[in-house]
Amino acid sequence: MNFPTPPPTDSLRRVLDSVFAGPDYQWVQPPRPLAFLGRWWDRLGSWLDHFQATNPQLFEYFFWGLILLLVLIFVHGGYVLARTLRTAAAGEHPSTAVPRPDVRDVRWHRREADRLAGQGRYAEACQAAFLALVLDLDDRSLVRFHPSKTPNEYTYEGWLAATERERLRELVRALYTFAFAGRPCGAEDYRAWRELAAGEWRATAH
């Protein structure tokens, strides 16, 4: 009886190599960007095991310290949550809200000017009186007050009559002289400045 002759060993190997060289048999481990976290976790576990084995009493203190820290974190989180809810509830009821401080209006600045003048600080009193004047003119829609404006900017607004704008320029020039140029401002200078600022301010004719 004749048996079939087996193929040569090297031929079979070449066939197998060609098959396993195909893309279906390219076994490549997929990338794992967060694999380092697993390695760190394993190292932490190994360190804790070693710590417990070498210092059991110290490890027990360490363990209960972590438990206490966790409890404190939860307590703090509950406290912050409770405060947030109370604040939100207070915002829904304006009557229970914290009262706002007094607004610095015309009367406040006039009182401040009188207080500074009473202390002999006339240059500062002129500045407070000027703010009172500008706020008063803003209430009458003759200028538009804004904290970022310089005093001189108010002299270019077109709601004041021409003669009133010139009067305002004169007040601003004196204010700049006292506040920035270093010219002394005495009681008479302050009185004259206040008298010029007093009286009616007329709007431009339309």
Item to complete: Find the distance between OG1 (Thr177) and CZ (Arg183) and round it off to the nearest 0.5 Å.
Response: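 Atom-to-atom, Thr177:OG1 and Arg183:CZ are 6.0 Å apart.
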Counting C-beta onward and ignoring hydrogens, is there a side-chain heavy-atom pair between [X] and [Y] closer than 4.5 Å?
| X | Y | result |
| --- | --- | --- |
| Trp64 | Ile67 | yes |
| Leu58 | Phe51 | yes |
| Arg144 | Trp159 | yes |

For the residue pair [X] and [Y], what are the closest heavy atoms and their distance?
| X | Y | answer |
| --- | --- | --- |
| Leu171 | Trp193 | O-NE1, 3.1 Å |
| Phe59 | Leu48 | CE1-O, 3.9 Å |
| Tyr154 | Thr150 | CD1-O, 3.5 Å |
| Glu157 | Val143 | OE1-CA, 3.0 Å |
| Pro151 | Val172 | O-CG2, 3.7 Å |
| Ala53 | Pro56 | O-CD, 4.2 Å |

Can you give the donor-acceptor pairs under 3.5 Å from side chains of residues 194-201 to other protein atoms, not counting sequence neighbours?
{"residue": "Arg194", "atom": "NH1", "partner": "Tyr190", "partner atom": "OH", "Å": "2.5"}
{"residue": "Glu195", "atom": "OE1", "partner": "Arg191", "partner atom": "NH1", "Å": "3.3"}
{"residue": "Glu195", "atom": "OE2", "partner": "Arg191", "partner atom": "NH1", "Å": "2.6"}
{"residue": "Trp201", "atom": "NE1", "partner": "Ala197", "partner atom": "O", "Å": "3.0"}

What about [X] and [Y], same hydrophobic cluster or not, with Ile/Leu/Val/Met/Phe/Trp/Tyr joined at side-chain heavy-atom distances under 4.5 Å?
| X | Y | value |
| --- | --- | --- |
| Leu160 | Phe145 | yes |
| Leu44 | Phe63 | no |
| Leu116 | Leu175 | no |

Item to complete: Apply the test side-chain hydrogen bond (donor to acceptor under 3.5 Å, both in side chains) to residues Arg202 and Thr163: give CA-CA distance (whole Å), side-chain angles for both, the deciding distance (0.1 Å), then the verdict.
Response: CA-CA 9 Å; Arg202 292 171 297 131; Thr163 55; 2.9 Å; yes
Worksheet item: Are the side chain of Asp189 and the backbone of Gly186 linked by a donor-acceptor contact shorter than 3.5 Å?
Response: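 At least one qualifying donor-acceptor pair exists.
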Ignoring hydrogens and angles, write down the donor-acceptor pairs under 3.5 Å from the side chains of residues 118-135, residues two or more places apart or on other chains.
{"residue": "Gln119", "atom": "OE1", "partner": "Arg121", "partner atom": "NH1", "Å": "2.7"}
{"residue": "Arg121", "atom": "NE", "partner": "Glu124", "partner atom": "OE2", "Å": "3.2"}
{"residue": "Arg121", "atom": "NH2", "partner": "Glu124", "partner atom": "OE1", "Å": "2.8"}

Practice prompt. Show your working on salt bridge (charged side-chain N to carboxylate O under 4.0 Å, His left out) between Glu164 and Arg167 and close with a plain yes or no.
Written response: CA-CA 5 Å; Glu164 307 302 337; Arg167 178 157 65 118; 2.7 Å; yes
Discussion item. Between Arg115 and Glu112, does any NZ, NE, NH1 or NH2 come within less than 4.0 Å of an OD or OE carboxylate oxygen?
Written reply: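 Yes, Glu112 and Arg115 are salt-bridged.
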Discussion item. Closer than 4.0 angstrom, basic N to acidic O: yes or no for Arg110 and Asp114?
Written reply: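 Looking at Arg110 and Asp114, the cut-off is not met.
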Practice prompt. For residues 160-181, pull every pair meeting ring pair (Phe, Tyr, Trp, His ring centres under 6.0 Å), keeping only residues two or more places apart or in separate chains.
Written response: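 For residues 160-181: Tyr176-Phe180.
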